[in-house]
Amino acid sequence: MSTVSASSKPCVMITGASSGIGKALALHYAANNYQVIACGRNQDRLAELENKSANITTASFDVTDKQALYEHADNCQTTPDIIILNAGDCEYIDDARHFDGDLFERVIQINLIAIGHLIATWLPKLKPGSQLVLVGSSVTLLPLSRAEAYGASKAALAYLAQTLSIDLYDKSIDISLVSPGFVKTPLTDKNDFPMPFLLTPEQAAQRIAAGVSKRQFNIVFPKRLTWLLRLFNALPFSWWRKISQKLRQEPQHSKSTISN
Ligand SMILES: NC(=O)c1ccc[n+]([C@@H]2O[C@H](COP(=O)([O-])OP(=O)(O)OC[C@H]3O[C@@H](n4cnc5c(N)ncnc54)[C@H](OP(=O)(O)O)[C@@H]3O)[C@@H](O)[C@H]2O)c1
């Protein structure tokens with residue numbers, strides 16, 4: 001992995017850049033002449049990404065390894081203008097009656113606790129005018145079956161983004177919360193249920209980058225899906241619970257229902 005050196009180009013740091021949405025974001029920003037610090041764990045995939053553009057340097061660390069986060073931040077010679085905290089994972093609670101506490105902990109650790117440490121590491125270093133982008137999910141718009149861990153982590157992340165935005169408003173650090181619908185990535189390739197309005201990672205990256213450039217707080221897409229989720233969420237919860245249970249009983253959904 002190469003060492004990042006000072007550059008006159010604007011700099012964006014992206015976690016979870018070795019695949020899916022993060023990789024597409026890294027390529028998008030590199031093509032737009034940003035210096036990109038692409039972070040992930042898989043060194044082979046990071047090396048492949050680095051070879052695609054002279055604007056990309058990479059860093060390999062596990063976001064749940066607190067010491068590694070601090071070491072990376074201390075060794076970084078460039079302070080990013082934009083940080084996109086995108087690394088995340090999804091695991092489903094298949095049997096709520098035998099709730100898997102370890103699974104719950106793993107998901108919360110990656111999708112929420114690690115974000116807290118990354119924010120603690122980087123916020124004091126950011127210059128006024130910088131941007132911090134948290135990648136959540138449209139799962140927070142509606143309680144979805146089997147998404148106890150993933151949905152809880154992303155709902156907490158949304159609250160974190162909102163409160164940070166309030167508290168950093170007069171410190172000139174802009175916060176964005178990204179809430180994507182379904183995007184075709186290794187994360188969703190595991191899903192065995194229909195994923196309406198599925199986007200490519202490149203489409204997702206374009207929408208995210210457009211929202212970030214306008215310094216939007218809420219970057220939510222695709223609208224067709226999010227309005228549908230909002231519509232169901234406007235129903236009394238007892239109605240939605242009944243509908244969800246019916247969906248679970250369908251043969252093709254017996255092991256899974258919608259979650260993104
Ligand atoms: N795909 C969707 O439909 C969708 C919808 C809504 C929200 N999202 C969110 O978008 C983000 C990116 O997801 P994706 O779909 O692009 O998934 P993905 O292709 O599976 O990519 C996940 C990325 O996160 C990294 N990562 C995971 N655990 C990590 C850890 N412990 N330490 C360091 N890096 C770690 C992975 O790195 P390595 O592979 O190198 O380990 C990988 O680069 C996630 O936060 C996800 O929740 C996705």
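If you're wondering where the values come from, they're calculated on a predicted model, not measured in any experiment. Numbering of ligands and ligand atoms starts at 1, following listing order.
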Quick check on contacts: which atoms of ligand 1 are under 4.0 angstrom from a heavy atom of [X]?
X    : result
P186 : 19 (O)
G20  : 16 (O), 19 (O)
N42  : 38 (P), 40 (O)
N86  : 10 (O), 11 (C), 12 (C), 44 (C), 45 (O)
G88  : 22 (C), 24 (O), 27 (C), 44 (C), 45 (O)
R45  : 39 (O)
S137 : 6 (C), 7 (C)
T188 : 1 (N), 2 (C), 3 (O)

| said: So is A17 touching ligand 1 or not, going by heavy atoms under 4.0 Å? | reply: yes
| Hey, is G136 one of the residues with a heavy atom under 4.0 angstrom from ligand 1? | yes
Using a 4.0 Å heavy-atom threshold (strictly under), name the region of [X] that reaches ligand 1: side chain, backbone, both or neither.
X    : result
A114 : neither
K154 : side chain
D62  : both

Backbone or side-chain N or O of [X] under 3.5 Å from ligand 1 N or O:
X    : answer
I110 : no
G22  : no
V183 : yes
S19  : yes
Y150 : yes
T64  : no
P180 : no

Check whether any side-chain heavy atom of [X] lies under 4.5 Å from a side-chain heavy atom of [Y], and answer yes or no.
X    : Y    : answer
N233 : W240 : no
Y70  : D65  : no
F221 : T226 : no

Just by distance, do the side chain of [X] and the backbone of [Y] share a donor-acceptor pair under 3.5 Å?
X    : Y   : answer
D81  : P10 : no
R146 : Y92 : no
T15  : A87 : yes

Donor-acceptor contacts, no H, no angles, side chain residues 196-213, under 3.5 Å, sequence neighbours left out:
| from | atom 1 | to | atom 2 | distance (Å) |
| --- | --- | --- | --- | --- |
| T200 | OG1 | Q203 | N | 3.1 |
| T200 | OG1 | Q203 | OE1 | 3.4 |
| Q203 | OE1 | T200 | N | 2.9 |
| S213 | OG | A210 | O | 2.9 |

| Residue list, side chain to side chain contact (heavy atoms under 4.5 Å, CB included) with K125, at least two apart or on another chain | A73, D74, T79, W122
| said: Apply side-chain contact (heavy atoms from CB on, under 4.5 Å) to residues L126 and I83 and explain how you reach the verdict. | reply: CA-CA 9 Å; L126 295 186; I83 295 184; 3.8 Å; yes
| Same hydrophobic cluster for L235 and L225, using side-chain heavy-atom links shorter than 4.5 Å among ILVMFWY? | yes
| request: Identify whether I84 and V220 are in the same connected component of the hydrophobic contact network (ILVMFWY, side-chain heavy atoms under 4.5 Å). | output: no
| Looking only at side chains, do T58 and E50 share a donor and an acceptor under 3.5 Å apart? | yes
